[in-house]
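Since the structure comes first, as structure tokens, the remarks are kept for the end.
It should be emphasised that the depicted structure is a prediction, and the values quoted were computed from it without experimental measurement. Counting begins at 1 with the first residue of the sequence.
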Amino acid sequence: MKGEIYHFRRFHASKILFLCTIFLLLHASASHQEVRSVDHHAPNVTDDPRHQRQLLSYNGDPLAVEPGLEIPNPRLRNGYIALQAWKEAILSDPKNITANWVGEDVCNYTGVFCWPTPEYPHELTVSGIDLNHGDIAGSLPNELGLLYDLALIHLNSNRFCGTIPQSFVNMKRLHELDLSNNRFAGTFPEVMLQLPSLRYLDIRFNEFEGELPRKLFETDLDAIFVNNNRFSSALPDNIGKSRVSVIVLAHNNFGGCVPAGLGEMGETLNELILINTGLSSCFPSEISKLKNLTVLDLSDNQIVGPLPHSIGEMDSLEQLNLAHNMMSGKIADQICELPNLVNFAYDYNFFSEESSSCPKLHKFDDRMNCLRGRPNQRSTLECQRFLSRTVDCNSFKCNHSDPEPPKVLPCTPPQPLPSPIPAKPSPAPPAFSPPPPTKPQPRPPTQPSSPPQVQPRPQPQPSSPPQVQPRPQPQPSSPPKVQPRPPPQPSSPPQVQPAISPSPNSSPAPNSTTPMPPCQQPVNSPPAPNSTTPNPPSNS
């Protein structure tokens with residue numbers, strides 16, 4: 001087996017790899033990029049002979065260093081200001097991770113990594129921050145924009161809340177941003193779409209809401225994880241312009257059609273996860289253009305109509321999950337005979353025919369369909385009632401160019417199906433009803449997290465591969481490894497105006513209609529939910 005369901009096989013985030021990645025990112029750039037101050041109230045300044053900028057203030061507050069504290073390196077001076085402001089914005093640090101964030105030697109702060117700058121190799125700069133699994137409560141201050149040499153930010157599994165500061169726009173070298181499993185809220189943080197070097201974006205398991213911006217699918221990202229938030233509305237029609245290799249949108253409320261434009265991502269897309277996203281249309285045949293796709297999961301939606309025979313042309317497909325939909329018709333021979341197909345789940349649908357090759361697969365699940373002679377099927381009456389109705393894919397107005405229109409069945413009752421012989425049959429759901437609803441996804445506990453996985457329902461099995469019958473939780477695996485592309489060079493460090501008092505936290509208020517999480521008081525860690533939705537991964 002080349003891979004397991006939701007095993008994204010990308011990179012093992014160890015400390016050595018963390019530092020090596022920082023080194024590559026800092027020295028791969030060939031051009032000098034100009035870094036702007038985020039504070040629009042600060043005056044515009046030009047470079048001095050050493051190409052150093054001045055960031056005078058954020059929101060009118062002077063940037064501060066204690067009197068008598070001398071930090072000759074301007075980059076580390078900025079790092080001191082930013083990290084001290086962040087420490088003041090922290091409300092709870094039960095593991096005392098930031099206890100040693102004192103003094104001028106910021107490179108020895110826990111979770112802070114420094115590396116020589118390309119412009120001045122004799123000068124160090126703050127190039128990475130890793131606070132994964134810290135259980136830290138607080139917010140992100142504007143002063144973090146001073147860390148414009150950052151290549152990696154990993155804040156997985158904390159209790160940070162509020163919104164993402166606009167000052168992040170200064171981080172022109174930021175390559176990986178992992179904010180998963182926190183309590184950030186508001187609309188999609190569009191400042192992330194202004195980062196030219198960003199390739200890995202992980203904001204899952206938060207409380208973002210509203211629409212996904214169209215520009216998200218026009219940026220040069222390699223991996224997008226936005227699952228387990230509160231995003232709504234239909235998916236943007238330009239989704240096919242994205243060139244990502246992994247896209248996970250599960251457990252949101254997008255609704256609408258399965259985008260036919262997904263077929264335009266055939267050159268790059270390897271894994272597509274759309275579990276429980278409220279999609280309700282026919283299955284578009286354009287998806288068969290994804291010749292490099294290895295994992296396709298559209299389970300727990302309201303997809304109707306047949307499964308196009310052209311899916312049998314997706315020779316790279318290894319995992320196919322269509323369970324808990326309302327699809328009908330026949331499972332074509334060529335689909336179950338795909339050369340690399342290992343797991344195929346289509347339980348809880350209304351398929352009436354399946355290829356004899358399907359049961360020969362390593363793992364498959366065909367329960368609760370209308371298949372003659374197979375165990376654990378729906379009742380004869382339920383199948384007759386559902387299959388006697390016509391499925392009109394054109395009624396969804398999805399503009400799918402499907403060459404295989406659904407078979408129109410007569411409205412007169414068909415010949416009675418022979419009663420199946422169930423083996424421990426499950427109770428049948430009411431006729432014409434959608435599949436059993438998915439339980440709301442509670443927040444995962446703060447603990448060492450598993451890599452990008454979004455499999456719902458079943459209890460995790462720590463040492464066994466993913467099962468399709470019944471649908472188990474996959475084994476924890478390594479997060480996706482995103483191949484970095486050369487980011488642009490940032491500008492030289494700013495010279496900071498000295499002041500006499502530390503800068504206060506000035507994070508902006510969220511732009512959201514949903515009440516904000518409690519950012520003003522320490523919050524206890526969330527209790528362990530009774531759900532099997534996996535935790536987001538760590539990149540530590």
Side-chain angles (χ1 to χ4, degrees), residues 257-258 276 278-285 287-288 296 298-312 320-337 344-359 361 364-398 400 402-438 468-469 471:
C257 300
V258 181
N276 187 29
L279 299 175
S280 58
S281 69
C282 288
F283 192 105
S285 61
I287 287 185
S288 63
L296 175 60
L298 297 175
S299 59
D300 293 281
N301 287 288
Q302 291 85 47
I303 302 172
V304 299
L307 180 62
H309 294 183
S310 57
I311 302 300
L320 177 58
N321 195 338
L322 305 174
H324 291 266
N325 280 286
M326 303 171 67
M327 301 183 70
S328 57
K330 178 182 178 180
I331 303 293
D333 294 343
Q334 55 265 43
I335 296 178
C336 289
E337 294 173 358
F344 186 13
Y346 48 96
D347 49 306
Y348 287 91
N349 280 280
F350 290 88
F351 290 110
S352 56
E353 297 181 63
E354 68 179 351
S355 169
S356 59
S357 301
C358 295
L361 291 170
F364 88 107
D365 195 344
D366 65 355
R367 295 172 300 156
M368 298 306 294
N369 279 282
C370 300
L371 302 170
R372 295 178 177 88
R374 294 293 301 168
N376 295 323
Q377 300 296 301
R378 297 182 186 271
S379 69
T380 302
L381 180 60
E382 183 181 5
C383 291
Q384 287 178 346
R385 288 179 174 175
F386 185 90
L387 297 177
S388 65
R389 302 186 64 175
T390 301
V391 177
D392 182 9
C393 291
N394 294 326
S395 64
F396 294 101
K397 302 185 184 301
C398 295
H400 293 168
D402 195 340
E404 304 173 22
K407 182 179 180 181
V408 178
L409 299 173
C411 292
T412 57
Q415 293 297 322
L417 298 172
S419 298
I421 303 175
K424 297 181 181 180
S426 303
F432 310 111
S433 65
T438 304
V468 177
Q469 181 181 3
R471 306 164 59 199

Which atom of [X] lies closest to which atom of [Y], heavy atoms considered:
X	Y	answer
Met326	Phe350	CA-CD1, 4.2 Å
Ser281	Cys257	OG-CA, 3.6 Å
Met327	Pro306	CE-O, 3.5 Å

State whether cysteine residues Cys393 and Cys398 meet the disulfide criterion of an SG-SG distance below 2.5 Å.
no
Reported [atom1]-to-[atom2] distance for the pair [X] and [Y], which is rounded to 0.5 angstrom:
X	Y	atom1	atom2	value
Arg374	Arg367	CZ	CZ	11.5 Å
Leu320	Phe364	CG	CZ	13.5 Å
Gln377	Thr380	CD	OG1	10.5 Å
Phe351	Leu387	CZ	CG	11.0 Å
Ile331	Ser355	CD1	OG	9.0 Å
Tyr346	Leu322	OH	CG	10.0 Å

Taking side chain as C-beta onward, heavy atoms only, is [X] less than 4.5 Å from [Y]?
X	Y	value
Asp347	Met368	no
Ile311	Phe283	yes
Val258	Ile287	yes

Side chain to side chain donor-acceptor pair (under 3.5 Å) with Ser352: which residues, sequence neighbours excluded?
none
Is there a disulfide bond (SG atoms under 2.5 Å apart) between Cys370 and Cys383 once you walk through the steps?
CA-CA 6 Å; Cys370 300; Cys383 291; 2.1 Å; yes
Positive for side-chain contact (heavy atoms from CB on, under 4.5 Å) with Glu354, one of Asn369, Ile335, Asp366
Asp366
Listed partners of Ser280 passing side chain to side chain contact (heavy atoms under 4.5 Å, CB included), at least two apart
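If we apply the side chain to side chain contact (heavy atoms under 4.5 Å, CB included) test to Ser280, skipping adjacent residues, the hits are Gln302.
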Is a donor on one side and an acceptor on the other found under 3.5 Å between the side chain of Asn301 and the backbone of Ile303?
no
Derivation and outcome, side-chain contact (heavy atoms from CB on, under 4.5 Å), residues Cys282 and Val304
CA-CA 5 Å; Cys282 288; Val304 299; 4.1 Å; yes
